[in-house]
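Some notes on the structure that comes next.
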Amino acid sequence: MKGINKGLINSEQIARELLDRDNFLLLGHIIPDGDCVGSLAALKLGLESMGKKAEVLLQDQVPEIYRFLPATAKFRHEWSDDINIKNVVFIDCSELARVGDKIAANLNSSFTTINIDHHATNDLFADHNWVEPGVAATAELIFAVLKDMQVKLTVEMATALFCGLVMDTGRFMYSSTTDKTMNVAAGLLKAGVDINQVRINLFESKTSQEILLIRLALNNIIVSDDGRIAWITLPYEEVKSIGALGIHPESIINYTREIKGVQVGILFREISPGIIKVGFRAKGSVDVSRIAGKIGGGGHRQAAGATYEGSLAEAKETVLQLVKDVLH
Ligand code: AMP
Ligand code: MN
Ligand code: MN
């Protein structure tokens, strides 16, 4: 698989680099999603199967729904000097800052850095950048690199990658899903993924707090007068009052896009007072990664995000104006 950019730019080259080296630190992004968690788990297991040391470090906790993947129990959440690191691999991170401030503060130039990602907005921050914007999930890239490393794909690795694919493709229904994605999915099923176990853990194990959060989201959904924009607001105090501060379901924002005629859906989630995580989803031709980019974020054409510092009211005013400017 060929990449777009600088350094080692395809899976064969990355595979050779990983095989030639040892002592890896694998990093993912804050508020990790299924693609990030699954890709990290599979790469850790793959490297370990080749006799190498690989630690995963995530600033935030692994969401409950992914904890059935056994490797996630070994993920670390704090920097520790006892980790012998020579090489840092960034997974599903479009910018270095996506790893989180506490982890970024410990990174230094003595490490060789490798960036494996699928965001078009990736700024190629590492020594080696293998970025494939046409690919639906980073999990697809990890599948390719494990194959090129001649790693024997175990059920555990395959299940982790399958979770990544399912979550980043909207259960294989987003336009990013290609025949190649389906071929990867077929390879994973062939390796023994239990699709029933995956579905139950990812979609049929919601906690009552998550249901309350969905109720709050649906209660707070607004559609613009022209019907082309829908947004959900989740204020910190309201989320706190239902005990759902730590829950970030990837599906909540989808209610906006599910409305007929809506072209851009937005989620304003006040993750702490004055810090607003803004999620964007597009249906049709609007490129929301460009809108997210205007407030310091990024992502893909049809799914993007950003962090806005300020009040919820300001975030809404600024972002809705940016969206209206694009639509008119
Ligand atoms: P989310 O709405 O969090 O599911 O994110 C949608 C897409 O936008 C994902 O591909 C994220 O990696 C990306 N994204 C989310 N937040 C940010 C951010 N603050 N900066 C850059 N990209 C982001
Ligand atoms: Mn991600
Ligand atoms: Mn991804």
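Start at 1 and go down the list; that is how both ligands and their atoms are numbered.
The distance from ligand 1 to the heavy atoms of Ala304 drops below 4.0 Å at these ligand atoms: 2 (O), 6 (C), 7 (C), 8 (O). When each atom of ligand 1 is checked for a heavy atom of Lys277 under 4.0 Å away, the hits are 1 (P), 3 (O). Against a heavy-atom cut-off of under 4.0 Å, Gly279 is close to the following atoms of ligand 1: 2 (O). Contact atoms of ligand 1 toward Gly299: 8 (O), 13 (C) (distance under 4.0 Å to a heavy atom of the residue). Within ligand 1, counting atoms from 1 as listed, the ones closer than 4.0 Å to a heavy atom of Thr307 are 19 (N). Interface atoms of ligand 1 facing His300, defined by a heavy-atom separation under 4.0 Å, are 10 (O).
Metal site remark for the Mn ion (ligand 3): Cys36 contributes no N, O or S atom at a distance under 2.8 Å. The nearest N, O or S atom of Asp35 is not closer to the Mn ion (ligand 2) than 2.8 Å. Note on Asp33: not counted as a metal contact of the Mn ion (ligand 3), no N/O/S atom lying under 2.8 Å. Backbone or side-chain N, O or S atoms of Asp117 do not reach the Mn ion (ligand 3) at under 2.8 Å.
Here the heavy atom of the protein found nearest to atom 13 (C) of ligand 1 is Gly298 O, 3.7 Å. The protein heavy atom nearest to atom 9 (C) of ligand 1 is His119 NE2, 3.8 Å. Distance from atom 7 (C) of ligand 1 to its nearest protein heavy atom, with residue and atom name: Ala303 O, 3.4 Å.
Proximity of Leu27 to Val89: side-chain heavy atoms (C-beta onward) are nowhere separated by under 4.5 Å. Side-chain contact check for Phe268 versus Val319: some heavy-atom pair is nearer than 4.5 Å. Asp35 has its side chain within reach of His118: a pair of non-hydrogen atoms, C-beta onward, lies under 4.5 Å apart.
For the residue pair Gln13/Asp148, the side-chain donor-acceptor check at 3.5 Å is not satisfied. Defined by atom type and a distance below 3.5 Å, a donor-acceptor pair is present between the side-chain atoms of Glu140 and Thr181. Using a 3.5 Å distance cut-off with no hydrogens or angles, the side chains of Asp92 and Ser39 do not pair a donor with an acceptor. Between the side chains of His248 and Asp60, not a single donor N or O lies within less than 3.5 Å of an accepting N or O. A side-chain N or O of Ser175 and one of Gln302 form a donor-acceptor pair less than 3.5 Å apart.
Between Gly305 and ligand 1, a contact under 3.5 Å exists for at least one N or O pair. An N or O contact shorter than 3.5 Å is missing between Asp92 and ligand 1 by distance.
Counting only distance, with no hydrogens or angles, the side chain of Thr121 and the backbone of Gly298 share no donor-acceptor pair below 3.5 Å.
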*Apply side-chain contact (heavy atoms from CB on, under 4.5 Å) to Val264 and Arg281, showing your working.*
CA-CA 6 Å; Val264 177; Arg281 294 294 182 270; over 6 Å; no

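Leu26 and Ile30 end up in different hydrophobic clusters when Ile, Leu, Val, Met, Phe, Trp and Tyr side chains are linked at under 4.5 Å.
Of the candidates His29, Arg281, Arg98, Arg98 brings a heavy atom nearest to atom 11 (C) of ligand 1.
Angle OD1(Asp92) to the Mn ion (ligand 3) to OD2(Asp168): 170° [nearest 10 degrees].
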